[in-house]
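To start, I am sharing the structure in question, which I have written as structure tokens.
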Amino acid sequence: MKIDGKHRRTIWVEPDGWAVGIIDQTLLPFDFATRRIETVEAMAEAIRAMRVRGAPLIGAAAAYGLALAMREDPGDRALESARARLASTRPTAINLRWALDRMVEVLMITPPDERLKRAYAEAADIADEDVEVCRAIGRHGLDLIRAIHQRNPGRPVEVLTHCNAGWLATVDWGTATAPIYMAHDAGIPIHVWVDETRPRNQGAFLTAWELGSHGVPHTVIVDNAGGHLMQRGQVDLCIVGTDRVTARGDVANKIGTYLKALAARDTGVPFWVALPSSTIDWTLEDGLRDIPIEQRGPEEVAEIAGRTEAGTIERVQLVPDASAVANVAFDVTPARLVTGFVTERGLCAASFEGLSGLFPDQVERAVKRAAANDA
Ligand code: MRU
């Protein structure tokens, strides 16, 4: 997407051909700064601290992290320890493990002295593919938005989204936002309700910044407002991203997603989830029982950062000194509450039949891998 007229991705190789550039998302929306990542340890820190975040982007970042590790030592043990270090950064988004598995699979059949070059090439493929996959998600999701517009040509299509499943969460385009950008670019009037998404405010800080930079009309709302807007008929569809979808269609996404899905079901608002197929975990069925849920530090809930009138960025305390604080970062929306999935291969039902109908090749691969692991 464009920032100040310049096309940018969220991750790239620097002109020296080896260091990796990222946008430091912890500084947005008040400051736009890029950061040069030179070691696997620095990449692990960037993922853990959420300088890069969003399921598809942390997959691409981890892939480049392994490439950086190959600069330090291309041997088998170093490869395994770099994979473990990167995999330990964030537990819920399956794209992280998906990208690491893909990299390791390729590197293990590559002689050590050729691994460095191969690692950068594979990481670049993962990043490039993510752009094309998100573009395809956008095209399929655009059909949903266009259909709503055709039924109500006299007013904007009203979309509600949670967290940031925008281009900042991927390499480009975003998942949930790709259809929104495409609709806007196609001249379909569209307005987005942006959940602020406490505690880290990815909606207020990142989605609002992205949409604003692209000229998409939007309004930031507190996380609890969505149900009210749906009751009043002010939302045509919800569209969110996801960090992991199980084989039967349960959806892990940023905390608060489940409550939006409940409200959407109660009010008859369609609730769509946009995802690349790299977000499907074919090894899991029951999302509530089996998806690991990240618990983050209490300071993210107990404090908030913002810009003061003087223009400085400051953190302030929000809760009493003695109060305990919990920071559950994701929740699971059962498949039954999801209207359907928007994927790179089209729309499908939130069920095993729906997903496997679009991705039979991936089911076959998952079955073979499971058989090989059992042997
Ligand atoms: O904790 P974050 O900011 O990495 O969480 C991001 C989300 O929950 C997104 O909705 C999800 O990763 C989908 S990204 C296209």
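Every value quoted in this text rests on a predicted model; they were computed, and no experiment measured them. As a basis for the values below, the full set of heavy atoms in this structure was taken, side chains included, without hydrogen atoms, waters or symmetry mates. Atoms within each ligand, like the ligands themselves, are counted from 1 in listed order.
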Quiz prompt | Electrostatic pair Arg9:Asp172 at N-O distance under 4.0 angstrom | solution = no
Quiz item: In chain order, what residues pass the ring pair (Phe, Tyr, Trp, His ring centres under 6.0 Å) check against His191, with sequence neighbours excluded?
Solution: Trp193
Practice problem: Please indicate whether Asp4 has more than 12 foreign heavy atoms, meaning atoms of other residues, nucleotides or ligands, lying under 6.0 Å from its CG. | Solution: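 Atom CG in Asp4 is not crowded, with 12 or fewer foreign heavy atoms closer than 6.0 Å.
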Quiz item: Does one side chain, of Gln202 or Thr207, offer a donor that lies under 3.5 Å from an acceptor on the other?
Solution: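 No, no side-chain donor-acceptor pair sits under 3.5 Å.
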Quiz item: Between Arg198 and Asp223, does at least one N-O distance fall below 4.0 Å, as a salt bridge requires?
Solution: no
Quiz item: So does Arg71 pair up with Glu38, basic N to acidic O under 4.0 Å?
Solution: no
Practice problem: Check whether any heavy atom of Pro56 sits under 4.0 Å from an atom of ligand 1. | Solution: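 For ligand 1, residue contact (heavy atoms, under 4.0 Å) with Pro56 is present.
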Exercise. Give a yes/no verdict on whether any heavy atom in Met50 is under 4.0 Å from an atom of ligand 1.
Key: yes
Quiz item: Does Ala93 approach ligand 1 within less than 4.0 angstrom via side chain, backbone, both or neither, non-hydrogen atoms only?
Solution: neither
Self-check item: Ligand-side contact atoms (ligand 1) for residue partner Ala165, heavy atom cut-off under 4.0 Å
Solution: 14 (S), 15 (C)
Quiz item: What residue and atom, counting heavy atoms only, is the protein's closest point to atom 14 (S) of ligand 1, and at what distance?
Solution: Ala169 CB, 3.5 Å
Quiz item: With a 4.0 Å heavy-atom cut-off (strictly under), which part of Lys254 contacts ligand 1: side chain, backbone, both or neither?
Solution: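 The answer is both.
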Quiz item: Thinking salt bridges, do Arg115 and Asp113 make one under a 4.0 Å N-O criterion?
Solution: no
Practice problem: Decide whether the shortest distance between a heavy atom of Arg90 and an atom of ligand 1 is less than 4.0 Å. | Solution: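 Heavy atoms of Arg90 do come under 4.0 Å of ligand 1.
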Exercise. Would you mind listing which atoms of ligand 1 come within a distance below 4.0 Å of any non-hydrogen atom of Ala55?
Key: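 Here the atoms of ligand 1 in question are 12 (O), 14 (S).
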Quiz item: How far is atom 3 (O) of ligand 1 from its nearest protein heavy atom, and which residue and atom name does that atom have?
Solution: Arg53 NE, 2.6 Å
Quiz item: Does Cys163 reach ligand 1 with a nitrogen or oxygen that is under 3.5 Å from one of the ligand's nitrogen or oxygen atoms?
Solution: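 In fact, backbone or side chain, Cys163 has no N or O that close.
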Quiz item: Any N or O on Thr175 sitting closer than 3.5 Å to an N or O of ligand 1?
Solution: no
Practice problem: Compute the shortest N/O to N/O distance between Asn253 and ligand 1 and return yes if it is under 3.5 Å, no if not. | Solution: yes
Quiz item: Should the proximity of Ile58 to ligand 1, defined as any heavy atom under 4.0 Å, be assigned to the side chain, the backbone, both, or neither?
Solution: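 No part of Ile58 is near ligand 1 at this cut-off.
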Quiz item: On the ring face of Phe271, is Lys260 found with NZ or CZ under 6.0 Å from the centre and within 45° of the axis?
Solution: no
Practice problem: Check whether any side-chain N or O of Thr177 sits under 3.5 Å from a backbone N or O of Ile180 as a donor-acceptor pair, and report yes or no. | Solution: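 Checking the backbone N and O of Ile180 against the side chain of Thr177, no donor-acceptor pair under 3.5 Å is found.
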Practice problem: Would you check the N or O atoms of Phe330, main chain and side chain alike, for any that come under 3.5 Å of an N or O of ligand 1? | Solution: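 No: no nitrogen or oxygen of Phe330 is under 3.5 Å from one in ligand 1.
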Practice problem: Could you list which atoms of ligand 1 come closer than 4.0 Å to a heavy atom of Gln202? | Solution: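 Contacts of ligand 1 toward Gln202, numbered from 1: 1 (O), 2 (P), 3 (O).
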Exercise. Using a strict cut-off of 4.0 Å, indicate which atoms of ligand 1 neighbour a heavy atom of Gly54.
Key: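 With Gly54 as reference, the close atoms of ligand 1 come out as 4 (O), 12 (O).
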Quiz item: Where is the nearest protein heavy atom to atom 7 (C) of ligand 1: which residue, which atom, and how far?
Solution: Asp243 OD1, 3.4 Å
Practice problem: Using a 4.0 Å heavy-atom cut-off, say whether Asn164 meets ligand 1 through its side chain, its backbone, both or neither. | Solution: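 Near ligand 1, Asn164 shows its backbone, while the atoms from C-beta on stay back.
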Quiz item: If we ignore angles and hydrogens, is there a donor and acceptor under 3.5 Å between the side chains of Thr197 and Asp195?
Solution: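 No, no side-chain donor-acceptor contact under 3.5 Å.
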Self-check item: Parallel, tilted or perpendicular, as decided by the 30° and 60° cut-offs, for the rings of Trp209 and Trp167
Solution: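 Rings of Trp167 and Trp209: tilted, 30 to 60°.
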